[in-house]
Amino acid sequence: MSFRTSLVAAAVLTLTLGLTTAPAQAAYEYPFRDPALPSAQRIDDLLGRLTLAEKVSWLHQYQPAVDRLGIGLFKTGTEALHGVAWSTDVDNGGAVVTAEGTVFPQAVGLASTWDTDLIKRVGSAVGDEARGYHAENPRLWGLQLWAPVVNLLRDPRWGRNEEGYSEDPLLTGAISTAYGSGIQGDDPDHLRAAPVLKHFLANNNEVRRDTTSSSLRPRVLNEYDVPAFRTAIAADAATGVMTAYNRINGRPATVTDLDSSVGTWTDRPLFNVSDAGGPNNLTGSQAYHATQAEAAAAMIKAGVESFTVDDTNGAPTVSSVNAALSQGLLTPADIDGAVRNILSIRFRLGEFDPDGGPYGKITKAAVNTPAHQRLARQAAAEAAVLLKNANKTLPLKPSKKVAVVGPLAKTLYTDWYSGKLPYRVTPLDGIKERAATVDTEGVDRIALKADGRYLTAPAGAGADLTLSATAAGATEQFDVFDWGQGIVTLRSVANGKYVSRANWSTLVNNQDQPTGWFVQEQFKLEAQADGTTLLRYAGYETAYDWFGPDTYVRAAADGTLSLTTAAGATRFTKETVRSGIDEAVAAAKSADVAVVVVGSMPFINGREDHDRVDTNLAAGQEALVEAVRKANPNTVVVLENSYPTTIDRLQEKGPAILWTTHAGAETGHALADILYGDVNPAGRLTQTWPKGGTTLPDILDYDIIKTGSTYLYGKGTPLYAFGHGLSYTTFGYQGLKAVAKGDGYEVSVRVTNTGSVAGDEVVQLYTHQQTSRVKQPVKQLRGFQRVHLAPGESKVVRLSLRTADLALWDVTRGRFAVEPSTHDILVGSSSDRIRQRATVRVNGERIPDRDLTRVTRAADFDDYSGVELVDETKVRGDAVGASAGEWIAFEDVDLGRGVTGLKLGVAATAASSVEVRLDSPTGRVVATVPVTATGGVYQWATATAPVSGAAGEHDLYLVFKGALRLADLTFTR
């Protein structure tokens, strides 16, 4: 019996016996404290007791205590992307405090398991650890967790690729639902913790991320970007969303209406938050609203309940909301609506229950338990993807001596949204537990000399570097790690720490790894024509205007260092103390097999605020792998990074390649489990890996349909396809059936382990619509299941396919529609390895010809060139923003016996015109609509013109002869 049920039963029994004792709820000082009452009644009671000032104060990230009611501070936003990561301390000026708990594989690695049951267990562990930290310090560790990130990985260069799950909306939705439901727990009325989905919506570029606009035409919006978010919300596996920094069709996401989109996907109240600084961007970089009062009002009316801004200082938020109230931009009812949503989550977290609710007894003992460590090891092993395994190179035999080589062989890196590792099992550590080893990082060790003196670093904790010593001892030597694009890090041999500009003035050797927002451990060694080398500082802050031109190291006469221009820089002689490749080759020759661990540094090779320029493996690392392979043909490459990588030569020449994300403290154990066959790899890629030389679309172009992006619309042959991953065994597929059942089909196939070892197969169901009014995906994932099979064992895998899943967004009517068509049913082990095929005939509805005599939204075009979608008003509505020479097309238009006139809803700052052409952008002109200046882009007017010679069925093209905005069009007869 639940606690609530037992209280109600006791109250009924008391009344039945006629005792004088008061009902159960009378024992509580306030009704909102009584867990026996309905949640809505408790919320109403507390809401009615709060003053307007107290309610307004709760709209900031740090909701202050209300001492008179015994209510403590509530903080939103503990980061928990792949384990509890960090939070900010209200009692220490908002300082970041990093957790030291279980660190699971990065998010893209978790998704690579294709194992929703496992991911739910991971989420449950994260929820427990969040509770554990909260029990220790509830003011620091809030229970609203900002995770998972469900933005789709449409472009492999996105800096935050490591944070997302997949380029596919179904897979992303399934993994985020599993992670979120694990965090929340299974109690129907209470939350272990409250997951918030990031970042709504279409946030896939870091370059100018607060000012760029993601142009999403209706099909891309409704078929691709929205489903990734809707799935978890509709499944009640998330409690809100965080708005993104970017604009969506011209309107900042921070003020994009959530109530009419996200709010309709669930019957439960949601508690939505802004991203950090987002409220101030509205009057700052975005210049969208003139005052913070207007911005605050727009956010609250859009459905944002919490302003993440001004660090711990809630006063500016309170001031702006109060100003909005006084100016009539908001009403007290608006504030009540926002606070009601906040309270809905706070009550579900058990905050106002006398015992803290069913999860209130979890303590700090839940953090980094042995069970969580085992789960982390399992997750890291399941996430790894075997990309290649020629001639059964893997698994290795323990009797073989192994050369463990590479810049990532003896270390583990954390990332921006990672907790601190409580312990470390490196790849070398894991292999050494299994076999005799010889190891080297394979990096050059150098000394830099100028004017007879060497660059010298102190031992111990580290301090300022100077140009001082006259001989190159250990304190004058640095290990050089190549991360690509000329960027290197320098690890001081004096103390094993990285050289940094952490004190913002000189160079010091005091960092355990590259880290921080600006990552001040980055350098370039620039060879000069005279044989000397310039040492260039390349920390991330150098990209900003305020930094200035001084990026090169200069040593003064007394040996102290500063930054200057290239002309004033010190010219060093670079002395190679030892060659990393030479050491690696020697190690490889001395062993039976070589394992080379290469990859990325998560703070350098793309992360928040920094997109990648390309997807290449660092040239120095690729040269290392090639040298080792030539020295020892039995070379296994372990690629440890967070995104698709250009490794065509490695795929061509290397016998075995294993990919993993940065996978936490148990990385080494998990890798060894796979390398030695204790775990049969079954991870699958969640993104397409392009071949070298592939031209990717502009990273700011979000139209995957038009650009032919992702596995959905890409027609080229990739290096590795979406869903790719190998096994140590083989699987057979037989007897595919697609049987009509209920509102769709049951797809079944018999899968047999035809090899000699047990293993998991990820059975993937795709469909392709053979005929359609519009461009259809090449194939689209519709379901998947990870199944375990012993040698010789068979299982019938059953996957459901709803007819509604086959719908497309019909732009002619603004809704989903299922067309009548034959669909290919494709089942296999990856998107390019289809093992069984069938077809089904779906009886849908024919999309009618367009009738443009009805008011038609311009944004509902069928095709376009050059235009982008923009905001019709600052509150709602999309329009087409166009420049001279650009066009939009409406296909399959039925003009009947003819139309005689055209009305356009336009906004323009200068005179322009629109041509209407038949069947192509250069076809016959049937109308020219003059457009006069309307007074601004939000000042709408009607432009008209006669139409001649337009009858029958045609594709109509609107060709723009100047800059303007178009909201709608209507032909008249």
Side-chain angles (χ1 to χ4, degrees), residues 107-108 110-114 116 119 148-156 158 160-161 163-181 197-204 214 216-235 237-238 241 244 248 253 261-262 264-266 644 684-688 701-714 721-723 744 762 764-769 774-785 799-809 816 818 823 826 830-831:
V108 69
L110 292 176
S112 299
T113 67
W114 295 59
T116 54
I119 300 308
V149 170
V150 297
N151 297 111
L152 294 164
L153 306 182
R154 63 171 183 94
D155 192 307
W158 184 38
R160 303 182 76 165
N161 199 87
E163 298 181 37
Y165 288 138
S166 171
E167 68 185 41
D168 179 77
L170 183 141
L171 180 58
T172 297
I175 299 298
S176 60
T177 297
Y179 191 66
S181 61
L197 306 182
K198 301 195 312 186
H199 312 80
F200 192 82
L201 183 69
N203 177 197
N204 268 139
S214 303
L216 302 178
R217 58 170 164 150
R219 279 196 66 202
V220 177
L221 173 70
N222 290 288
E223 295 178 20
Y224 190 64
D225 284 281
V226 161
F229 283 84
R230 184 175 56 217
T231 302
I233 296 289
V241 300
I248 304 164
S261 56
V262 179
T264 67
W265 302 338
T266 177
R684 299 291 186 265
L685 296 179
T686 66
Q687 288 177 272
T688 304
D701 192 336
Y702 279 70
D703 191 343
I704 65 165
I705 301 175
K706 184 80 168 178
T707 60
S709 300
T710 77
Y711 86 96
L712 290 162
Y713 293 96
F722 173 82
V762 179
Q764 302 166 39
L765 166 64
Y766 299 86
T767 66
H768 170 68
Q769 184 171 329
V774 299
K775 181 179 180 180
Q776 282 287 332
V778 176
K779 59 176 67 75
Q780 184 165 0
L781 184 70
R782 301 298 188 182
F784 62 90
Q785 187 174 329
L799 297 167
S800 296
L801 176 65
R802 297 185 310 150
T803 302
D805 294 336
L806 303 175
L808 58 84
W809 184 260
F816 278 102
V818 177
H823 291 254
L826 311 167
S830 74
S831 63

Would you mind reporting whether Leu171 and Phe784 have side-chain heavy atoms less than 4.5 Å apart?
-> yes
Thr688 OG1 to Arg154 CZ distance, which is reported to the nearest 0.5 Å | 13.5 Å
Would you check if the side chain of Glu167 reaches a backbone N or O of Tyr711 as a donor-acceptor pair within less than 3.5 Å?
-> yes
To the nearest 0.5 Å, what is the distance between OG (Ser166) and CG (Leu685)?
-> 10.0 Å
Taking all non-hydrogen atoms of both residues, which atom of Asn161 and which atom of Pro156 are closest, and how far apart?
-> OD1-CA, 4.1 Å
Is any side-chain heavy atom of Leu197 closer than 4.5 Å to a side-chain heavy atom of Pro148?
-> yes
Using the side-chain contact (heavy atoms from CB on, under 4.5 Å) rule, take Arg782 and His823 through it: C-alpha gap first, then chi angles, then the decisive distance, then the call.
-> CA-CA 12 Å; Arg782 301 298 188 182; His823 291 254; 5.7 Å; no
Evaluate the ring planes of Trp114 and Phe722, with Trp represented by its six-membered ring, and classify them as parallel (under 30°), tilted (30 to 60°) or perpendicular (over 60°).
-> tilted
Distance from Asn151 atom CG to Tyr165 atom OH, nearest 0.5 Å?
-> 11.5 Å
In terms of side-chain heavy atoms, does Asn204 have a donor or acceptor partner in Tyr702 at a distance below 3.5 Å?
-> no
Would you find a donor on one side and an acceptor on the other, under 3.5 Å apart, between the side chain of Asn222 and the backbone of Pro218?
-> yes
Could you give the distance from CG (Leu152) to CD1 (Ile704), rounded to the nearest 0.5 Å?
-> 8.0 Å
Do Glu223 and Gln780 come within less than 4.5 Å of each other through their side chains, counting heavy atoms only?
-> no
Flag the pair Asp168 / Thr686 as yes when at least one side-chain heavy-atom distance between them is below 4.5 Å, and no otherwise.
-> no
Are Gln776 and Tyr713 side-chain neighbours, meaning at least one heavy-atom pair lies under 4.5 Å?
-> no
Between Ile705 and Lys775 the two heavy atoms that sit nearest each other are O-NZ, 2.7 Å
Distance, nearest 0.5 Å, that separates CG of Leu221 from CG of Asp703 | 11.5 Å
Main-chain N/O of Leu110 paired with Thr113 side-chain donor or acceptor, under 3.5 Å | yes
Closest approach of Ala253 to Ala244 (non-hydrogen atoms, all atoms of both residues) = CB-O, 3.4 Å
Minimal non-hydrogen separation, Gln687 against Pro644, with atom names | OE1-CD, 3.4 Å
Answer yes or no: is there a side-chain heavy-atom contact under 4.5 Å between Leu153 and Thr172?
-> no
Looking only at heavy atoms, which two atoms of Asp225 and Leu201 are closest? And how far apart?
-> O-CD1, 3.8 Å
Arg230 side chain to Ser261 backbone, donor-acceptor under 3.5 Å = no
Side chain His768, main chain Lys779, donor-acceptor under 3.5 Å = no
Which atom names give the shortest non-hydrogen contact between Val150 and Ser176, and what distance separates them?
-> CG1-CB, 3.3 Å
What's the spacing between Tyr224 OH and Leu712 CG if we round to 0.5 Å?
-> 6.5 Å
